[in-house]
Amino acid sequence: MSLRAPKGTDDLLPPESRRWRTLLRSWDVLTELYGYELVATPVFESTELFARGVGETTEVVEKQMYNFLDKAGRRLTLRPEITAGVVRAYIQAGRWGEFKGAYSGPAFRYERPQEGRRRQFWQLGVEYMGAPDAEADLEVIEIGYRFLLECGLGDVVVHINSIGDPSDRAAYHRLLADWLEERMDLLSADARRRVRSNPLRVLDSKADREATAEAPGPIDHLGESAAAHHEQLIEGLTERGIAYEPDPRLVRGLDYYNRTVFEYIPPSYGAAQNAVGGGGRYDGLARILGGPDVPGVGLSLGLDRILTAAGTGPPARAMDAFLVVADQERRSMAHAFARRLRLAGIRCDLVTGRRSVKAQFKAANRRDAAVAVVIGREWDEGLVTVKDLSSGDERCMPAGEVAGWLVGNGGGVR
RNA sequence: GUGACCGUAGCUCAGCUUGGUUAGAGCGCCUGGUUGUGGUCCAGGAGGUCGGGGGUUCGAAUCCCCUCGGUCACCCCA
């Protein structure tokens with residue numbers, strides 16, 4: 001074996017890549033329908049952005065980042081998540097009002113790969129800046145939920161919790177830390193280390209699940225305004241028909257969250273890494289990054305996980321028509337005909353170079369075309385022969401009618 | 001970072017326990033049967049440092065050690 005893709009990275013090839021195309025397209029359409037405009041930020045940012053934004057004591061920043069120095073000695077990092085970069089761009093642009101952005105792209109974390117956890121993975125997400133109300137949380141949750149339904153994950157459940165505001169949290173942190181300290185001997189080494197630095201994270205650890213089963217949850221120590229926000233959120237979920245489940249242990253690993261946190265879990269997906277997406281409110285993030293005091297709420301989805309959770313159905317058809325050139329002197333006619341079909345939205349192709357009719361039919365079959373269109377002597381009467389490659393049925397028709405006929409039979413790109 | 005399992009043809013795998021003549025199968029690929037018909041069928045063909053290195057042995061895909069890679073789980077998260 002010579003050169004391979006780096007550990008924990010995947011090549012995306014057909015036919016699997018067809019499903020990606022379909023989902024990426026529907027993501028674009030869905031977010032546009034909700035008024036989210038495209039936003040794209042660099043795949044690398046200054047290391048400081050993530051250290052400050054995501055949090056120094058988080059697992060992600062402590063040991064999962066791809067850090068490097070550029071030739072001028074700048075400290076840079078391949079983005080381990082995308083929210084921090086989008087909020088940075090929002091601040092930098094200086095248009096500090098309401099802003100709704102949607103993104104799609106790779107993120108990177110240095111971890112041991114396993115199912116649903118790759119070193120390069122694809123995130124889809126939205127960020128809604130400048131909207132403090134629970135209605136904004138609901139909209140964001142709804143977008144993710146609806147997208148997952150479109151992906152075929154009809155049974156997905158939104159796990160939801162509130163971790164309160166920073167002001168509520170100081171008191172709660174002390175309470176939780178004290179509670180944990182009384183049970184230090186029951187905790188894992190990792191948990192013990194975090195009792196004072198980041199006690200919330202202990203709740204989320206599988207190793208400490210038993211020891212912390214009776215621990216006080218953040219949801220029971222919300223301030224008045226955060227509690228009202230959460231109540232409104234739960235009501236809205238019911239109204240919108242979104243399947244949800246209160247999850248008092250859900251805290252999430254990024255420090256910028258406050259109030260609402262959520263994850264999308266498809267119960268039928270048995271892998272250890274079973275959250276196909278998640279997000280929450282981050283009202284303090286813009287300020288931490290040196291910007292204005294603007295609230296925000298966002299969501300990110302793991303496309304790789306969504307696709308494995310949805311299972312491998314039969315791949316979508318990628319080609320409507322494959323042109324077979326029977327007489328070589330008609331090659332340029334065939335190319336012109338292909339251009340016409342493509343203008344009409346028909347996905348078509350033909351081989352380059354002189355190949356036998358047999359070889360061209362083989363190519364048509366390999367490319368998974370719905371029909372082969374023979375360009376031969378009948379062209380002189382303005383006709384082509386169209387062969388359905390699954391049934392084998394052949395019919396002659398005027399060349400000008402082919403595109404319409406294919407669209408009528410479910411072909412073409414929408 | 002820790003642990004378990006697995007590396008033989010492009011892909012999926014057999015062979016390894018009990019070391020021994022040219023390392024096999026299915027799928028895929030190429031050619032022909034059919035110079036205007038694919039897929040199906042038939043015949044033929046190409047393709048392998050047995051992950052890599054070292055050791056034991058007259059002899060290693062097979063036994064031992066190291067190493068690299070893959071998978072899953074812990075940890076953590078999308």
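Within every chain, numbering begins at 1; the chains are lettered A, B, ... in the order of the sequence lines, protein sequences first and strands thereafter.
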Are A:Arg119 and A:Phe108 in a cation-pi setup, meaning NZ or CZ lies under 6.0 angstrom from the ring centre and within 45 degrees of the ring axis? no

Exercise: do A:Glu142 and A:Tyr34 side chains pair donor with acceptor under 3.5 Å: yes

Could you work out the separation of B:rG3 and B:rG20 based on their P atoms and round it to a whole Å? 34 Å

Rounded to whole angstroms, how far apart are CZ on A:Arg330 and C1' on B:rG36? 11 Å

What is the distance, rounded to the nearest whole Å, between atom CG of A:Leu254 and atom C1' of B:rA78? 10 Å

What's the CZ-P distance between A:Phe361 and B:rU40, to the nearest Å? 15 Å

Whether the A:Glu139 and A:Tyr36 side chains hold a donor-acceptor pair (N or O, under 3.5 Å, no angle test) is what I'd like checked. yes

Identify the nucleotide, in any strand shown, that forms a Watson-Crick or G-U wobble pair with B:rG1, with both distances under 3.5 Å; if there is none, say none. B:rC74

Counting only Watson-Crick or G-U wobble pairs whose two distances fall under 3.5 Å, which nucleotide matches B:rC16? none

Rounded to the Å, how far apart are A:Arg109 CZ and B:rC76 P? 13 Å

Rounded C1' spacing from B:rA61 to B:rG52 in Å: 14 Å

Strand partner of B:rU57, provided both Watson-Crick or wobble distances fall under 3.5 Å: none

My understanding is that a pair needs two contacts under 3.5 Å, Watson-Crick or G-U wobble. By that rule, which nucleotide pairs with B:rG44? B:rC30

When all nucleic acid strands are considered with a 4.0 Å heavy-atom cut-off, which category describes A:Val276: base, sugar-phosphate, or nothing? sugar-phosphate

Between B:rG15 and B:rG53, how far apart are the C1' atoms? Round to whole Å, please. 24 Å

Looking at every strand, decide which applies to A:Ser300 at a 4.0 Å heavy-atom threshold: base, sugar-phosphate, or nothing. sugar-phosphate

Polar side-chain contact A:Asn365-B:rG38 base: donor and acceptor under 3.5 Å: yes

Touch check for A:Gln120, heavy atoms < 4.0 angstrom, all strands: base, sugar-phosphate only, or nothing? nothing

Over 60° means perpendicular and under 30° means parallel, so tell me whether A:Tyr256 and A:Tyr282 are parallel, tilted or perpendicular. perpendicular

Mind checking if A:Ala275 touches a base, just sugar-phosphate, or nothing, with heavy atoms under 4.0 Å? sugar-phosphate

Does a salt bridge link A:Arg118 with A:Asp10, judged by any charged N lying under 4.0 Å from a carboxylate O? yes

Atom C1', compared across B:rC76 and B:rU2: separation rounded to whole Å: 14 Å

I'd like to know if the side chain of A:Arg79 and the backbone of A:Thr41 have a donor-acceptor N/O pair within less than 3.5 Å. yes

In whole Å, what is the span from the CG atom of A:Leu389 to the P atom of B:rG39? 11 Å

Base, sugar-phosphate, or nothing for A:Leu303, non-hydrogen atoms under 4.0 angstrom? nothing

Under 4.0 Å, heavy atoms only, any strand: does A:Gly277 hit a base, just the sugar-phosphate, or nothing? sugar-phosphate

Are there any protein N/O atoms within less than 3.5 Å of an N/O atom in nucleotides 27-29 of chain B, and if so, which ones and at what distance?
none

Note: A:Arg317-A:Asp368 ion pair, threshold 4.0 Å (strictly below): yes

Quick one: on RNA chain B, does A:Ser390 or A:Val357 contact a more 5' nucleotide (nearest heavy atom)? A:Val357

Indicate yes or no for a side-chain donor-acceptor contact from A:Gln360 to the backbone of A:Val325 under 3.5 Å, with no hydrogens or angles considered. yes

Between P on B:rG33 and NZ on A:Lys362, what's the gap in Å once rounded to a whole number? 11 Å

Which whole number of Å gives the distance between the P atom of B:rC50 and that of B:rG28? 27 Å

Quantified in whole Å, what is the P atom distance between nucleotide B:rG26 and nucleotide B:rG33? 24 Å

Are the charged groups of A:Asp255 and A:Arg52 less than 4.0 angstrom apart, N to O? no

Base, sugar-phosphate or nothing for A:Gly279? Non-hydrogen atoms, less than 4.0 Å. nothing

Reading nucleotides 68-75 of chain B from the 5' end, what letters show protein touch, with B for base, S for backbone sugar-phosphate only, - for no heavy atom under 4.0 Å? -SSSBBBB

Rounding to the closest angstrom, what is the interatomic distance between B:rG32 and B:rU37 at atom P? 13 Å

Evaluate A:Phe337 against A:Leu341 for side-chain contact (heavy atoms from CB on, under 4.5 Å), listing each step before the verdict. CA-CA 6 Å; A:Phe337 185 50; A:Leu341 289 177; 3.8 Å; yes

Considering only atom C1', compute the distance from B:rG69 to B:rC58 and round it to an integer number of Å. 34 Å

Find the distance A:Trp27:CH2 to B:rA78:C1' and express it as a whole number of Å. 12 Å

Under the 3.5 Å rule, do the base of B:rU37 and the side chain of A:Lys387 count as making a donor-acceptor pair? yes

A:Glu37 atom CD: more than 12 heavy-atom contacts under 6.0 Å: no

May A:Phe121 be described as stacking on the base of B:rA78, applying a 5.5 Å centroid limit and a 30° limit on plane angle? yes

Which part of the nucleic acid, if any, lies within reach of A:Thr385 when heavy atoms closer than 4.0 Å are counted: base, sugar-phosphate only, or nothing? base

Measure CD1/A:Ile82 against C1'/B:rA78 and give the value in whole Å, please. 10 Å

Lys/Arg-Asp/Glu bridge criterion (N-O < 4.0 Å) met for A:Arg281, A:Asp165: no

